[in-house]
Amino acid sequence: MTMKKNFSQLMAATAIVMASLASAPAAMAHGAAEPAHGGVVQTASDLSFELVATADGAAIYIVDHDEDADASKFGGKVTVLNGAEKAEAPLKSAGGNKLEAKGVKLVKGTKVVALITTNSKKTVTVRFTVK
């Protein structure tokens, strides 16, 4: 009889834990956001960064907790790896929450490392793979 009672208590506790875990991701979601510009999104240092290929290079859009960040407070550089080819370009504010790097080419499979600095001289490293 005791074994049956313990099993029932264990099953009840398991059901409670499973129910709380099922709702946890919605309440604790803090991962990468959905792309707003058709690019690839990564999260670093509580910021979301979206890499987007442009006609003359690349753009990175910065979002801070669902609010557009002021790109004038950021800068840095991107390193782009297309197979054995490597290219670098500075990231400059392009208004709003957008940084631009001109003269790089992004295609499917391109690896990009962005070193993004803030006015406070903090550097955030963000890695992307173009899909």
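In this chain, residues are counted from 1 in sequence order.
Linking Ile, Leu, Val, Met, Phe, Trp and Tyr residues whenever their side-chain heavy atoms come within less than 4.5 Å leaves L99 and V63 in two separate clusters. Linking Ile, Leu, Val, Met, Phe, Trp and Tyr whenever their side-chain heavy atoms come within less than 4.5 Å leaves V41 and V124 in two separate clusters. Both V126 and V40 are members of a single hydrophobic cluster when ILVMFWY side chains are connected at heavy-atom separations under 4.5 Å. L115 and F128 end up in different hydrophobic clusters when Ile, Leu, Val, Met, Phe, Trp and Tyr side chains are linked at under 4.5 Å.
Proximity of L47 to F74: side-chain heavy atoms (C-beta onward) are separated by under 4.5 Å at one or more points. Side-chain contact between F49 and T43 is absent, with no heavy-atom pair separated by less than 4.5 Å. A heavy-atom distance below 4.5 Å is found between the side chains of K73 and N119. At a threshold of 4.5 Å between non-hydrogen side-chain atoms, the residues K98 and I60 do not count as touching.
Between K92 and E100, none of the side-chain N atoms (NZ, or NE/NH1/NH2) sits under 4.0 Å from a carboxylate O, so this pair counts as no salt bridge.
Contact detail for T54 and A58: the closest heavy-atom pair is OG1-N, 3.3 Å. Here the closest heavy-atom approach between residue R127 and residue Q42 is recorded as O-CG, 3.1 Å.
Distance alone, capped at 3.5 Å, is enough to place a donor-acceptor pair between the E50 side chain and the G39 backbone. A donor-acceptor pair is defined here as one N or O able to donate and one able to accept, closer than 3.5 Å; such a pair exists between the side chain of N97 and the backbone of I62. In this structure, the side chain of T118 engages the main chain of K122 through a donor-acceptor pair within 3.5 Å.
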Would you tabulate the side-chain donor-acceptor contacts of residues 101-114 under 3.5 Å, counting partners in other chains and residues two or more places apart, or write 'none'?
from: T110; atom 1: OG1; to: N82; atom 2: OD1; distance (Å): 2.3
from: T110; atom 1: OG1; to: V107; atom 2: N; distance (Å): 2.9
from: T110; atom 1: OG1; to: V107; atom 2: O; distance (Å): 2.8

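We find the OG-CG distance between S48 and D64 to be 8.5 Å, quoted to the nearest 0.5 Å.
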- Item | T123 and I116: CA distance, side-chain angles, deciding distance, side chain to side chain contact (heavy atoms under 4.5 Å, CB included) verdict | CA-CA 5 Å; T123 301; I116 300 173; over 6 Å; no
